[in-house]
Engineer: 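Take this structure, written in structure tokens, and hold onto it; I'll ask about it next.
Keep in mind it's a predicted model, so treat the numbers as computed, not measured. Atoms within each ligand, like the ligands themselves, are counted from 1 in listed order.
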Amino acid sequence: MCGIVGAVAQRNIVPVLVEGLRRLEYRGYDSCGVAVLSHGEPRRARSVARVSDLDAQVKESSLAGMTGIAHTRWATHGAPVTDNAHPIFSRDTVALVHNGIIENYESLRTMLRDKGYEFVSQTDTEVIAHLIHSMYRGDLFQTVREAVKLLHGAYAIAVIHKDQPHTVVGARQGSPLVVGVGEGENFLASDALALAGSTDRFAFLEEGDVVEIALDGVKIVDRQGLPAEREVRVVAAYGGAVELGPYRHFMQKEIFEQPRAITDTIPQGDEFTANLFGENAKDVFADIDSLLILACGTSYYSGLTAKYWLESIAKIPTQVEIASEYRYRESVPNPKALVVVISQSGETADTLAALKHAQSLGHAHTLAVCNVATSAMVRQTELAFLTHAGTEIGVASTKAFTTQLVGLFVLAVTLAKLRGRVDAKQEAAYLGQLRHLPAALNSVLALEPQIIAWSEEFARKENALFLGRGLHYPIALEGALKLKEISYIHAEAYPAGELKHGPLALVTEAMPVVTVAPNDTLLEKLKSNMQEVRARGGELYVFADADTRIVSEDGIHVIRMPEHYGALSPILHVVPLQLLAYHTACARGTDVDKPRNLAKSVTVE
Ligand code: HGA
């Protein structure tokens with residue numbers, strides 16, 4: 001969601017800024033823009049189309065400059081039209097890009113109007129540009145430090161001023177911003193990936209930091225206004241992350257990367273140990289009596305799956321909540337609960353806010369399950385389990401989900417072991433199953449041609465129902481979410497036992513019913529639910545384990561999963577649902593990697 005790039009150099013920086021935006025495209029956006037100081041004046045180009053269109057514009061107009069900022073916008077205030085696209089100018093003197101939401105923008109706008117400022121956009125962002133212009137007394141760094149004190153809400157900003165030709169000032173509070181350190185040139189960006197190719201050295205700003213980047217150095221002050229040192233770390237190159245290779249879309253590439261991503265995420269060594277979660281995890285795990293999992297979207301579904309593992313294997317009570325609800329709800333805190341936050345990017349605004357809320361209620365023990373080691377979430381939790389999915393570009397999450405499941409399964413078995421619920425034999429068996437997962441996944445991926453055949457049917461539908469039971473109910477939810485996200489087919493998931501309590505009323509021959517049918521203890525119950533669908537003329541599309549004896553017949557289409565996978569079965573069963581959503585979307589011709597209205601790292605509330 002929304003990306004920022006900034007640079008100060010002694011060369012024309014426009015190609016670096018535009019390339020940075022190209023690398024941030026995966027986050028989702030609806031307009032984009034770039035501004036540079038050119039012969040002492042801010043000049044900009046903006047587009048409501050793609051970054052490639054912006055690139056064509058800057059080439060056409062020969063936009064060039066050595067100091068600049070750029071932005072991909074995912075509109076929150078004001079339609080995605082050119083006037084609202086960033087960089088936003090104030091009196092042709094200040095140019096600013098912003099990620100986040102300024103909650104007190106209305107009162108600031110009234111105050112600035114009274115001072116004579118004219119507003120030309122509908123954005124909340126414009127108040128920041130005018131505020132900085134109105135407060136500027138010759139030092140942009142100092143001005144931004146004072147101006148941000150007046151802002152309520154979340155922001156990452158980058159700003160330039162025509163009187164300071166070799167300076168970009170940035171600030172972060174609730175939205176991500178990193179500093180890229182170069183040789184005689186320095187950068188800002190929403191994430192390190194944007195600057196791959198320009199530098200591999202990064203300083204990760206903390207909440208409340210304000211930064212000035214110049215040609216020869218970087219100055220940072222913290223929320224108190226005190227000089228701050230932020231460690232400069234070398235971040236390994238993101239080899240190939242933004243290259244498609246032989247695939248048609250990043251989502252397809254990422255589905256097929258899952259065996260590798262899971263191999264990289266499965267812990268080395270031959271036992272489940274608390275150390276996998278951090279140095280003092282053993283003490284923390286001994287001190288807790290329950291878990292509270294907080295997450296959004298797909299990560300919420302990985303949390304729901306984990307609840308089944310945590311309660312059945314570790315026998316530890318587990319509650320799972322949608323982060324955006326929890327953060328505003330009056331809840332009863334249990335200081336003995338371990339708060340687990342799950343996020344691919346580690347920058348999900350709602351989940352970060354929920355974490356902060358939990359901490360403010362006295363939850364001392366916190367654990368992040370996250371794909372980005374340097375993210376705010378990992379920095380703000382006591383413990384962390386890092387997934388090694390690699391960069392995920394497709395907006396619809398795939399490999400981040402399955403690697404989160406691996407991490408949460410490892411958590412369940414580790415807690416079970418520490419509580420004496422798993423003996424050495426069972427532990428070895430779980431480890432063996434984990435290690436076999438990549439091979440098992442490869443055989444599931446080989447089902448792709450059969451799934452393509454189904455997707456042609458699905459592409460003609462407008463509604464679909466997904467059914468699962470027990471451990472596979474969250475997988476049905478995830479399958480429905482994937483389908484609606486990228487194919488725009490309305491899809492809903494139900495625990496199959498709930499059918500008769502309402503959704504059966506929707507079942508007709510026009511309603512495909514996707515059923516996740518592993519060979520587990522609920523299989524016979526599930527078969528009865530399938531009969532209820534057939535009796536109403538519903539078409540069943542069943543992903544059945546090899547040994548379930550569910551066979552294709554009139555109105556029942558079956559794809560056989562290669563093997564039954566016990567406790568880890570959700571990790572395999574979600575893959576055909578990902579492929580079904582992907583190929584259905586392709587058949588409908590949607591923009592699979594950048595579905596309408598959606599963004600990747602959801603860094604605004
Ligand atoms: N609120 C600003 C910035 C939106 C944003 O951060 N998008 O990701 C706007 O609507 O322009």
Side-chain angles (χ1 to χ4, degrees), residues 1-6 20-35 44 46-48 50-51 54 69-90 94-109 112 119-132 147-148 150-159 170-178 188-191 193-194 205 207 296-297 324 343-353 375-376 395 594-605:
M1 178 169 281
C2 182
I4 288 177
V5 193
L21 293 187
R22 194 181 72 78
R23 289 171 179 272
L24 291 174
E25 276 193 295
Y26 77 94
R27 296 163 76 98
Y29 66 104
D30 42 40
S31 58
C32 51
V34 55
R44 70 184 161 190
R46 296 184 289 178
S47 168
V48 288
R50 299 274 112 188
V51 172
L54 182 72
I69 54 179
H71 190 257
T72 47
R73 173 175 189 247
W74 188 82
T76 65
H77 292 61
V81 296
T82 308
D83 279 347
N84 291 335
H86 304 202
I88 298 282
F89 278 9
S90 178
V94 168
L96 177 130
V97 292
H98 164 224
N99 172 201
I101 292 173
I102 303 305
E103 286 167 3
N104 59 335
Y105 77 99
E106 280 169 328
S107 58
L108 289 171
R109 192 167 54 192
L112 288 158
F119 282 77
V120 294
S121 80
Q122 283 77 51
T123 65
D124 50 336
T125 303
E126 194 171 355
V127 296
I128 322 176
H130 293 321
L131 195 61
I132 290 170
V148 294
L150 305 178
L151 305 178
H152 300 170
Y155 53 81
I157 58 170
V159 51
R172 77 160 283 184
Q173 176 64 49
S175 297
L177 196 64
V178 303
L188 287 176
S190 297
D191 73 34
L193 179 66
L205 297 178
E207 293 290 65
C296 307
S324 56
S343 162
Q344 187 283 127
S345 65
E347 305 288 351
T348 312
D350 281 322
T351 313
L352 282 174
S375 62
V395 165
K594 299 183 202 90
R596 69 181 178 211
N597 306 339
L598 299 182
K600 183 68 184 163
S601 314
V602 188
T603 54
V604 293
E605 186 179 346

Engineer: Measure the shortest side-chain to side-chain distance between T125 and Y155 over non-hydrogen atoms and say whether it is less than 4.5 angstrom.
Structural biologist: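 In short, these two side chains do not touch, never coming nearer than 4.5 Å.
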Engineer: Ring-plane angle category for H86 and H98, please: parallel below 30°, perpendicular beyond 60°, tilted otherwise.
Structural biologist: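 Ring orientation, 0 to 90° scale: parallel.
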Engineer: With heavy atoms under 4.0 Å as the rule, classify the contact between N99 and ligand 1 as side chain, backbone, both or neither.
Structural biologist: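 Both backbone and side chain of N99 come within 4.0 Å of ligand 1.
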Engineer: What I'd like to find out is whether the side chain of I69 reaches to under 4.5 Å of the side chain of I4, using heavy atoms alone.
Structural biologist: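 Heavy-atom side-chain distance check fails, nothing below 4.5 Å.
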Engineer: Under 4.0 Å from a heavy atom of C2: which atoms of ligand 1 are those, numbered in the order shown and with their elements?
Structural biologist: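 Those atoms are 5 (C), 6 (O), 7 (N), 8 (O).
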Engineer: Output the list of atoms in ligand 1 that are nearer than 4.0 Å to some heavy atom of T125, sorted by atom number.
Structural biologist: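 Reading through ligand 1 atom by atom, the close ones are 2 (C), 9 (C), 11 (O).
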Engineer: I need the atoms of ligand 1 closer than 4.0 Å to a non-hydrogen atom of R73, numbered in the order shown.
Structural biologist: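 Here the atoms of ligand 1 in question are 9 (C), 10 (O), 11 (O).
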Engineer: Going by distance only, is there an N or O of G100 that falls short of 3.5 Å from an N or O of ligand 1?
Structural biologist: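 Such a contact does occur with ligand 1.
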Engineer: Keeping N99 on the side-chain end and A156 on the backbone end, is there a donor-acceptor pair under 3.5 Å?
Structural biologist: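 Pair absent, no side-chain N/O of N99 close to backbone of A156.
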Engineer: Between T123 and ligand 1, which residue portion shows a heavy-atom distance shorter than 4.0 Å: side chain, backbone, both, or neither?
Structural biologist: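 T123 to ligand 1: side-chain contact only, backbone stays beyond 4.0 Å.
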Engineer: Between H77 and ligand 1, is there a nitrogen or oxygen pair with a distance under 3.5 Å?
Structural biologist: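 It does: an N or O of H77 is found under 3.5 Å from an N or O of ligand 1.
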Engineer: Let me know which of E106, R109, E103, H77 forms a side chain to side chain contact (heavy atoms under 4.5 Å, CB included) with D124.
Structural biologist: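 With D124 as partner, side chain to side chain contact (heavy atoms under 4.5 Å, CB included) holds for just one option, H77.
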Engineer: Show which atoms of ligand 1 fall inside a sub-4.0 Å distance from at least one heavy-atom site of H86.
Structural biologist: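 Numbered from 1, ligand 1 contributes 3 (C), 9 (C), 11 (O).
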Engineer: Report yes if D124 has an N/O atom closer than 3.5 Å to an N/O atom of ligand 1; otherwise report no.
Structural biologist: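 Yes: some nitrogen or oxygen of D124 is under 3.5 Å from one in ligand 1.
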Engineer: Can you tell me how far apart CG (L112) and CD1 (I128) are? Round to the nearest 0.5 Å.
Structural biologist: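 Spacing of CG (L112) from CD1 (I128) equals 11.0 Å.
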Engineer: Which of the numbered atoms in ligand 1 are under 4.0 angstrom from any heavy atom belonging to W74?
Structural biologist: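 Those of ligand 1 that fall under 4.0 Å from W74 are 4 (C), 5 (C), 7 (N), 8 (O).
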Engineer: Could you check whether any side-chain heavy atom of R46 comes within less than 4.5 Å of a side-chain heavy atom of D83, counting everything from C-beta outward?
Structural biologist: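 Touching, per the 4.5 Å side-chain cut-off.
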